[in-house]
Amino acid sequence: MALTWNRSVEWDSEDWRKQAACRDTDPDLFFPVGTTGLAIDQIDEAKRVCRDCDAVSLCLEFALATNQEAGVWGGTSEEERGRLRKTWLAHRRRAS
Ligand code: SF4
């Protein structure tokens, strides 16, 4: 997934949520308990939904900017987002 770091839309307007492919899915899928066993299958399934989501970039940026630690956001797991956020924060510091 390519992050451009350039916002063309205000992600905090929440309009992106109207495009969310997960709007009608079971929220539990996106917030599995733990990172092993059944949770691995849930995370994979949630990521499959994200792959077809028009709001994936804005969702991920929102999750990084608001430090969403739990669940699948923008096609990323908690662990993946933790690593991405360090890069995202470094970029923000350089840009300001
Ligand atoms: S990227 Fe995934 S979590 Fe984010 S709105 Fe789309 S389907 Fe939902």
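All values reported here derive from a predicted model rather than from experimental measurement. We count residues from 1, following the sequence as given. Remember, it's 1-based here, ligands and their atoms both numbered in the order they're listed.
From L29, atom CG reaches atom CD1 of I43 across 9.5 Å, with rounding to the nearest 0.5 Å. Here the CG atom belonging to L60 is positioned 10.0 Å from the CH2 atom belonging to W16, to the nearest 0.5 angstrom. Distance OG1/T76 to CZ/R81: 4.0 Å, rounded to 0.5 Å.
Atoms of ligand 1 lying under 4.0 Å from any heavy atom of V72, numbered from 1 in the order shown and given with element: 3 (S). The distance from ligand 1 to the heavy atoms of F30 drops below 4.0 Å at these ligand atoms: 2 (Fe), 3 (S).
Nearest heavy atoms, C53 versus A21: SG-N, 3.4 Å.
Judged by distance alone, with hydrogens and angles left aside, the side-chain atoms of E78 form no donor-acceptor pair with the main-chain N or O of A70 at under 3.5 Å.
For residues 33-58, every residue pair satisfying the salt bridge (charged side-chain N to carboxylate O under 4.0 Å, His left out) rule, not counting sequence neighbours, is listed here: E45-R48, K47-E80.
The set of protein atoms (N, O or S) found at less than 2.8 Å from atom 6 (Fe) of ligand 1 reads C53 SG, by chain and number.
Judged purely by distance below 3.5 Å, without hydrogens or angles, the side chains of T66 and Q68 pair a donor atom with an acceptor atom.
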